[in-house]
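Each chain gets a letter, A, B and so on, in the order its sequence line appears, and its residues count up from 1. Hydrogens, waters and symmetry mates are skipped; everything else that's a heavy atom, side chains included, is used.
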2 protein chains.
Amino acid sequence: MFGPHRWHGKFRGCGCRLTLPRETVLNILNRTDKHLSVDEVFAVVNRSYPGIGIATIYRTLDLLSRMGLVSKFEFGDGKSRYELAESKKGHHHHLVCNGCGRIIDYSDFINKEVKFVSELEKELAEKHKFKINSHQIHFYGICKECTNK
Amino acid sequence: MFGPHRWHGKFRGCGCRLTLPRETVLNILNRTDKHLSVDEVFAVVNRSYPGIGIATIYRTLDLLSRMGLVSKFEFGDGKSRYELAESKKGHHHHLVCNGCGRIIDYSDFINKEVKFVSELEKELAEKHKFKINSHQIHFYGICKECTNK
DNA sequence: CTCCTTTTGATAATCTTTATCATTCTGATA
DNA sequence: TATCAGAATGATAAAGATTATCAAAAGGAG
Ligand SMILES: [Mn+2]
Ligand SMILES: [Mn+2]
Ligand SMILES: [Zn+2]
Ligand SMILES: [Zn+2]
């Protein structure tokens, strides 16, 4: 299912309502290609809907995260960052620059990676009796811009 | 180089001193097999050296982390956690339980993984002109204990 | 010993996130 | 349509973690 209406389904039957704040947050995450923090999401929401409070943004991102619609990351700058789980970017992993904090999404070699990871998941699940739901792969280092500087 | 004296070398020539608080923190991380938070490290230090303040623990862990002696993680419980980088555990990755927060180190299949990751690193470094220094691989899910409950 | 730099402890300040609680909204039901 | 219970919200207080400050202490070179 595509288009911005694909979320209605996920809310049906979970006892939660797809309210204006929730839909607004989803739309914002759907448009951006960045990894937004709570206050960044709040700032954008605030432009269109000054009545929506930041507590709702915290609660919404937490809910969407628990629902699996949104992925939560800690890249090391002290604030949580969020990204739509099934975005146009598709499945990908991250390069994190220790110099400037830049986050680079990559999905090169992703087929090879997905294949490798899913095999690994199967082996780990069996060996440790651990039911794996998701994974994150982060590479840390120095980006192109920080090298030339 | 092995044994608890292997750190002296790293400090020589970096302009930093291997002081009592720093050596104490290193020894604590060397002994434990857990991923300790700042306040957990502080609590242990405090038993033997009540004079050492928590600010020093923050500063020490940050320094050791920047020196590469210690690895810093955010597992999602709101506090940073630290582990000796070259410990007896060897290179490993993590399973993180969303139920109880338990962290499981694994190094099964690590040879296959290291081989795969180092190839991937090479390709990514070239393609994105990104100098990779380290990586983290986390699998999230439900642990054995949380399943039987 | 003297000077200069590094390190430290105490504590204030900042920043992010969570908890509270009264109010509003929604949808189901009669 | 009027009623009601649960869900959601906004404002704000509270909690927690981390960082900033600053004066004092410690270490090392000469
Ligand atoms: Mn991303
Ligand atoms: Mn570990
Ligand atoms: Zn950079
Ligand atoms: Zn568990």
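- Proximity of residues 57-72 of chain A to DNA chain C (heavy atom under 4.0 angstrom from any strand atom) is restricted to A:Tyr58, A:Arg59.
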Donor-acceptor contacts, no H, no angles, side chain residues 135-142 of chain B, under 3.5 Å, sequence neighbours left out:
unit_1, atom_1, unit_2, atom_2, d
B:His135, ND1, B:Glu121, OE2, 3.2
B:His135, NE2, B:His91, NE2, 3.2
B:His135, NE2, B:His93, NE2, 3.0
B:Gln136, OE1, B:His138, NE2, 3.4
B:Gln136, NE2, B:Lys72, O, 3.1
B:His138, ND1, B:Tyr140, OH, 3.4

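- Here ring-ring contact (aromatic ring centres under 6.0 Å, His included) pairs that include residues 34-64 of chain B, with residues two or more places apart or in two chains, are B:His35-B:Phe75, B:His35-B:His94.
- Residues A:Asp108 and B:His128 share a closest heavy-atom pair of OD2-NE2, 2.6 Å.
- Rounding to whole angstrom units, CD of residue B:Glu74 and P of D:dA17 are separated by 13 Å.
- Distance alone, capped at 3.5 Å, places no donor-acceptor pair between the A:Thr32 side chain and the A:Leu29 backbone.
- At whole-Å resolution of the value, CZ in A:Arg17 and P in D:dT9 are 9 Å apart.
- Taking atom CZ of residue A:Arg81 and atom C1' of nucleotide C:dT16, one finds them 12 Å apart after rounding to whole Å.
- Remark on DNA chain D: of its neighbouring residues A:Leu18 and A:Ala55, the 5'-side contact belongs to A:Leu18, judged by nearest-heavy-atom nucleotide.
- The distance from atom CZ of A:Phe75 to atom P of C:dT16 is 17 Å, rounded to the nearest whole Å.
- In the set D:dA17, C:dT7, D:dA7, D:dA17 carries the atom at the smallest distance from any side-chain atom of B:Lys79.
- Close to D:dT9, at under 4.0 Å from its OP1 or OP2, lies a side-chain N or O of A:Thr19.
- Judged by distance alone, with hydrogens and angles left aside, the side-chain atoms of A:Arg22 form no donor-acceptor pair with the main-chain N or O of A:Thr60 at under 3.5 Å.
- Applying the 4.0 Å criterion to OP1 and OP2 of D:dG10, one finds that A:Thr56 has a side-chain N or O inside that range.
- Backbone-only engagement by A:Ser80 is indicated by non-hydrogen atom pairs under 4.0 Å involving sugar-phosphate atoms exclusively.
- Backbone-only contact: B:Ile52 has heavy atoms under 4.0 Å from sugar-phosphate atoms and none from a base.
- Taking atom CD on A:Glu23 and atom C1' on D:dT9, their separation rounds to 17 Å, with Å as the unit.
- With rounding to whole Å, B:Arg22 atom CZ is found 11 Å from C:dT6 atom P.
- Checked by atom type, the side-chain pair B:Glu113/B:Tyr106 shows a donor-acceptor distance below 3.5 Å.
- Atom P of nucleotide C:dT17 and atom CG of A:Asp39 are separated by 8 Å, given to the nearest angstrom.
- A:Lys89 NZ: more than 12 foreign heavy atoms inside a 6.0 Å radius.
- For the pair B:Ile54 CD1 and D:dG16 C1', the computed distance is 11 Å after rounding to whole Å.
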